[in-house]
Protein chains: 2
Amino acid sequence: MKLVFQKDALLNGISIVSKAIPAKTTMTILECILINADANDIKLTGNDMELGIETKVEGSILERGKIALEAKLFYEIVRKLPDGNSPVTITSDNRFNTSIECENASFHIQGRDGDEFSYLPYIERDQHISLTQFTLKESIRQTIFSISPNDSNKMMAGELMEVKDDVFKVVSLDGHRISIRNIRLKDHYEDHKVIIPGKTLSEISKILNGDNEAEVQIYFSKNHILFEFGDTVVVSRLIEGEYFKIDHMLSSDYETRVKVNKREFMDNIERAMIMIRDSDRKPIILNVTDNSINMRVKSSFGSMNADMTAHKTGSDIMIAFNPKFLLDALRVIDDEDVELYMMNPKSPCFIKDEDGTYIYLILPVNFIASEV
Amino acid sequence: MKLVFQKDALLNGISIVSKAIPAKTTMTILECILINADANDIKLTGNDMELGIETKVEGSILERGKIALEAKLFYEIVRKLPDGNSPVTITSDNRFNTSIECENASFHIQGRDGDEFSYLPYIERDQHISLTQFTLKESIRQTIFSISPNDSNKMMAGELMEVKDDVFKVVSLDGHRISIRNIRLKDHYEDHKVIIPGKTLSEISKILNGDNEAEVQIYFSKNHILFEFGDTVVVSRLIEGEYFKIDHMLSSDYETRVKVNKREFMDNIERAMIMIRDSDRKPIILNVTDNSINMRVKSSFGSMNADMTAHKTGSDIMIAFNPKFLLDALRVIDDEDVELYMMNPKSPCFIKDEDGTYIYLILPVNFIASEV
């Protein structure tokens, strides 16, 4: 095999498919990137058997072939090649000895037979939807924080992705909170409902450029989902089973509705968090009265107290939260003001907008009023 | 005690004196910053008993006093106070209960008696030299990498600082290499020779702003050194004993002198280092012939080979090095081209300029010529 690349194009391709290289594995072939120039294109592939990424790289095929190279070493070598427009030549012989050459520098490494490498599963491309890269990247960012990857319940390590009545819905939950984003689709599609591993979503969001013009095509099959954008294809296994039924948890009743400036709310939560260290998980207590919220926390380190103006309708309420859960939700909301809907100190609090674009449900925690 | 500050000035002061707060200590008072407003100034102090830093902070004293506050908590609280020009008020009562208030946010923490805090040692300010902040900061950066903090030889954990014949000289060594910087002083001073702990130098270089106009005064006493710049004083214990005699190691004889482009040399060393991981410490081999250096490394990961143009005078030589040692020295040299002076493959290599501003001595390592 003999191929010629421009450094930047090659490095970009390696960087994309490296997202599917597992950090630790006993199967050393999974630590490799496949370079496949058997046909007319040059394709790079990374595949950890759950998540596979393939991308086309611009280059010249002087001699067809394929080779698997250890991903980390391959990336470092190409990264350190001379910058500029000098061609990068990759050659491998029939014993998989591989040379990577650019200007006066050359590297020799032992590659592996490309046939050892596992191909990506074949997905029938019929059932699909289309989104912008921006929408997909944002909806992942706005929900991924409330998955629970280490939980014994494997559903919590994934996110629900649902297409229904031309709305694209993403849901994650971890037993303490639920994050929901709804995006109206421009076209009409069939309904779909799948559970995607959190790892797939976090890796794919690193590759998406977030462009509002560029599209992503998403194809569904029974056990897999396929994302296609630009020269890249991402295939992921789905999590099997039925996702949590969340509709009955999403009450629209409330006793207290309060509107606050998001930035000011976040600043005060961050102040409260200074007083809370791992060993000492105290909640932040919100005391909502007419036109103001008093926020406080008390721990072995000391106490914090802050007052904030707010617009309340309904009853006064004193309610306590894990401050991190509030902060995680507020961070991914773009609105200047947010509205909190509460029933009582034992019932979930909702942070949501009027259109239902986002719904963040957060369970309150117990607190002893006399201690605060 | 009651003091009023501007947030930025206070945060800057805390950040400076925090450099003397030890990461781990069994004496909890050392984890504190002393705020001393007993007299007409407000001074902050951090002191780990080896290194002490004191800085003046602009502010109003409404009621005199002093208090010791846990440094990390104090820093985090002030950092998270509202930005802008709102005053920050710090109040403490006679039981050391302390309030930190700004706008609608207030923190209450338990301080400690300022009298528990160890004062900085008193240094007679007679014997001194004067340098720019830039010169001191640079000479530390250009030598600090070759101390050996964990060596059983405590001298290696420090740097020699010598004033002799109006030259300011800084030396560090770790048994494999020696780094020397010589700076001609503008004025005439008495001779001094002290060994300063590496930790002092690395912390002080973080505080120095590197300004070429601003001066640092350095005062010497038998057991301590004092640096004074702006509103800040840094006092450090010295390392006792006699530093290594290095003069006889600095031969000016050579068999081979070779001049190379520094950037290109570094790029090739970095390429070689890709092939060397912790478990596999292979050297980089330089083969110096007329007008060129061939550089190569071979390890269990593969091999790297690069040719570089060079201007050689004297004999051909093949010599091997730990590539990191070459790179460390080259990184802190500002010249576009560097000159290497070598005697034979067993004798030290010198990277130095003609004026003797810098001298980097690096010991070669053994290699088996047949294996490369």
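These values consider heavy atoms only, across backbone and side chains, with no hydrogens, waters or symmetry-generated copies. Lettering follows sequence order; numbering is per chain, from 1.
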task = Side-chain contact test, heavy atoms from C-beta onward, threshold under 4.5 Å: evaluate it for Phe301(A) versus Ile109(B) and give yes or no.
result = no

query = Mind checking whether Phe107(A) and Met275(B) have side chains closer than 4.5 Å, heavy atoms only?
reply = yes

Which atoms of [X] come close to chain B, meaning under 4.5 Å heavy atom to heavy atom: side chain ones, backbone ones, both, or neither?
X	answer
Arg277(A)	side chain
Asp267(A)	neither
Glu264(A)	neither

Any chance [atom1] of [X] has more than 12 other-residue heavy atoms, nucleotides or ligands included, within less than 6.0 Å?
X	atom1	value
Lys2(A)	NZ	no
Arg281(B)	CZ	no
Lys72(A)	NZ	no
Lys262(A)	NZ	yes
Lys259(A)	NZ	no

Interatomic spacing from CZ in Arg271(A) to OG in Ser106(B) - rounded to 0.5 Å = 10.5 Å

request  = Mind checking the CZ-CD1 spacing from Phe74(B) to Ile274(A)? Nearest 0.5 Å is all I need.
outcome  = 12.0 Å

note = Ordered numerically, the heavy-atom neighbours of chain B under 4.5 Å found in residues 80-96 of chain A are Lys80(A), Leu81(A), Pro82(A)

